[in-house]
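A short write-up of the structure that comes next.
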There are 2 protein chains.
Amino acid sequence: MEDFKNELATIDTRSLVDKVEMTLINLLIRKELKPGDKIPKEIELVEALGVSRTVVRESLTRLKTIGLIESVKHRGAIIKSPDLLETFKKAMIPGVMDQTTLRDIFEMRLVLEIGMADLIFQRKTDEDVKELSEIVANEPESSEGILFEVDHEVKFHGKLYKMTGNQTMMNFQNLLLPVFSYVYDSKLIERPIKKRSYVSHRELVDLLKRGTAESFREGMRKHLENHFQRMFGE
Amino acid sequence: MEDFKNELATIDTRSLVDKVEMTLINLLIRKELKPGDKIPKEIELVEALGVSRTVVRESLTRLKTIGLIESVKHRGAIIKSPDLLETFKKAMIPGVMDQTTLRDIFEMRLVLEIGMADLIFQRKTDEDVKELSEIVANEPESSEGILFEVDHEVKFHGKLYKMTGNQTMMNFQNLLLPVFSYVYDSKLIERPIKKRSYVSHRELVDLLKRGTAESFREGMRKHLENHFQRMFGE
DNA sequence: GACAATTCTTATGTATGACATAATAAAAAG
DNA sequence: CTTTTTATTATGTCATACATAAGAATTGTC
């Protein structure tokens, strides 16, 4: 009985659509198709692959969904440079994401903001710093409402992301904002102890003006101290 | 003639599938559906929405593609906690991604590795450090082949990602590996000047044993100096 | 009456054919 | 030669039919 195991290849359980999808992706890779290139029309694929138009269309739908191709109505489909973030913007529904992932994402934010000091220092302009100063100047005293504070928090840190000059990172932050507010609102991590953070926004701007990438990085680390404490318990 | 402009609402050019997709996503959000919950079967959606099964199925295909739902054959579809990274693994074909995005992603790697010092220090175990020591011990002298070096580079830094205990970040790194090798191979950034990095893997392990999160962070920053120089050009 | 074997029933997967529509190309009109 | 009109074409949508496998219902056996 056992002998058969070696003779029998595992059966391919994938659906036709799965196979066609793989075939198409491999085609893109093998033929080194670049954005803008046209891909065969549905009928041609039907004939070449020997499956129904239904299957071909479903495969194409998948590729469209992940942003690899774009179809111009009545014209055909073309390769597209996928906007990675756009793709899962739709999937970014905090309510349906499991808690571990939410925590992970929250952590990644902290990691990114600490690590981006060099990019900021390399690319900051006087105008950026001025704008950041104004944002800080408009911040209310910490005694005022927390909702307002969150708003300013987003403004300040958002500007920092912009200053990295890294569009992908900016998109990333934008994408993650709903997750952050969700995490704040939920009981996922305990409510902030709201002890004054060791380094304020104001001080960070100061480091930006007169400090170095290193000092700014450490300043940011201390600024985020509250968050770290909440993540690691204590 | 001009007067009409105010009277006329802009026509909705979205396809039926677009609308159904939005409707379904809003349903998930409004009804606060959680992973595991069942969603109506195709026929029911057909009747409720007044569109053909073709349209419903194409909408569902999209949701499946971004990982929001999962369909069990002949049973129905259920809500799924989307694995965000899995989603665009398929779209991660460096050849079709535009160069700016590739650069951005490469930068994000540097940012992450510098920023993750705290996570590593918080969660490292003796075993981790031991394993890392062994990886370093097996590294060839820098005189040997570059291909080998890339391999060890991946091993070492990959282990660091693991040590963060952040699954999402690990997946992220895994996902980005093809991008890195592509960026290396391409002329996207100039070939490394291969000046000895200021801090070696060996020294990093040492910082991990005897240093602090801060010193390790700065060590990593110096270790990645080569990459930064190439990104920023002199 | 409990359990096993068999047969529906059901929901998705796949195939086929049809028609609408809009972008383009081709043909006709001036 | 330019403009207008008329095919042509490829995708979007609809309708219908059947295959298949999971689960439910039924039957059969002891």
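Just so you know, these numbers use all the heavy atoms, side chains as well, and skip hydrogens, waters and symmetry mates. Protein chains get the first letters and strands the later ones, always in sequence-line order, with residue 1 at the start of each.
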Calculate the interatomic distance between [X] atom [atom1] and [N] atom [atom2]; express it in whole Å.
{"X": "B:L60", "N": "C:dA11", "atom1": "CG", "atom2": "C1'", "value": "12 Å"}
{"X": "A:K19", "N": "C:dG13", "atom1": "NZ", "atom2": "C1'", "value": "13 Å"}
{"X": "B:I69", "N": "C:dA11", "atom1": "CD1", "atom2": "C1'", "value": "14 Å"}
{"X": "B:L16", "N": "D:dT11", "atom1": "CG", "atom2": "C1'", "value": "14 Å"}
{"X": "B:I78", "N": "C:dA11", "atom1": "CD1", "atom2": "P", "value": "16 Å"}
{"X": "B:R57", "N": "C:dT12", "atom1": "CZ", "atom2": "C1'", "value": "6 Å"}
{"X": "B:E58", "N": "D:dG12", "atom1": "CD", "atom2": "C1'", "value": "8 Å"}

Search all heavy atoms of [X] against all heavy atoms of [Y] and return the closest pair with its distance.
{"X": "A:P82", "Y": "B:V96", "answer": "CD-O, 3.8 Å"}
{"X": "A:M92", "Y": "A:L175", "answer": "CG-O, 3.7 Å"}
{"X": "B:K34", "Y": "A:G95", "answer": "NZ-O, 3.4 Å"}

(message) I'd like to know if the side chain of B:R123 reaches the main chain of B:T164, judged simply by a donor and an acceptor atom lying under 3.5 Å from each other, with no hydrogens or angles considered.
(response)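 Answer holds: yes.
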(request) May I ask you to check if A:K159 and A:F156 form a cation-pi contact, with NZ or CZ under 6.0 angstrom from the six-membered ring centre and within 45° of the axis? (result)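 Pair A:K159/A:F156 does not count as cation-pi.
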(message) Counting the atoms with a prime plus P, OP1 and OP2 as sugar-phosphate, which does A:T54 contact under 4.0 Å by heavy atoms, base, sugar-phosphate, or nothing?
(response)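 The answer is base, as A:T54 lies within the cut-off (heavy atoms under 4.0 Å) of a base atom.
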(message) Do the side chains of B:K38 and B:E44 get close enough for a salt bridge, i.e. N-O under 4.0 angstrom?
(response)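 A salt bridge is absent here (no side-chain N lies under 4.0 Å from a carboxylate O).
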(message) Between B:E21 and A:K64 (salt bridge meaning N to carboxylate O under 4.0 Å), is one present in this structure?
(response)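 Here B:E21 does not pair with A:K64 in a salt bridge, since their nearest N and O are not under 4.0 Å apart.
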(request) Output yes when at least one side-chain N/O atom of B:K64 is less than 4.0 Å from OP1 or OP2 of C:dT12, else no. (result)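 No.
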(message) Is the phosphate of D:dT16 approached by B:S52 (side-chain N or O, under 4.0 Å from OP1 or OP2)?
(response)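 No.
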(request) Please work out which residues in residues 34-45 of chain A have a non-hydrogen atom less than 4.0 Å from an atom of DNA chain D and list them by number. (result)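 A:K41, A:E42 - these, ordered by number, are the residues of the stretch whose heavy atoms sit under 4.0 Å from the strand.
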(request) Establish, from distance only, whether the side-chain atoms of B:N138 and B:E134 form a donor-acceptor pair under 3.5 Å. (result)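 Side-chain D/A pair, B:N138 to B:E134: absent.
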(request) Check the side chains of B:N26 and B:T23 for a donor-acceptor pair under 3.5 angstrom, ignoring hydrogens and angles. (result)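 Short answer, no.
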Could you go through nucleotides 20-23 of chain D and list every protein N or O atom that sits under 3.5 Å from one of its N or O atoms, giving the distance for each pair?
unit_1, atom_1, unit_2, atom_2, d
D:dT20, O2, B:H74, NE2, 2.8
D:dA21, O4', B:H74, ND1, 3.2
D:dG23, OP1, B:R75, NH1, 2.9

(request) Check whether the side chain of B:R53 and the base of C:dG13 form a donor-acceptor pair under 3.5 Å. (result)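 Flag set: donor-acceptor pair detected.
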(request) Return the nearest nucleotide to the side chain of A:V51; candidates are C:dA15, C:dG13, D:dT13. (result)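 From the listed options, C:dA15 comes nearest.
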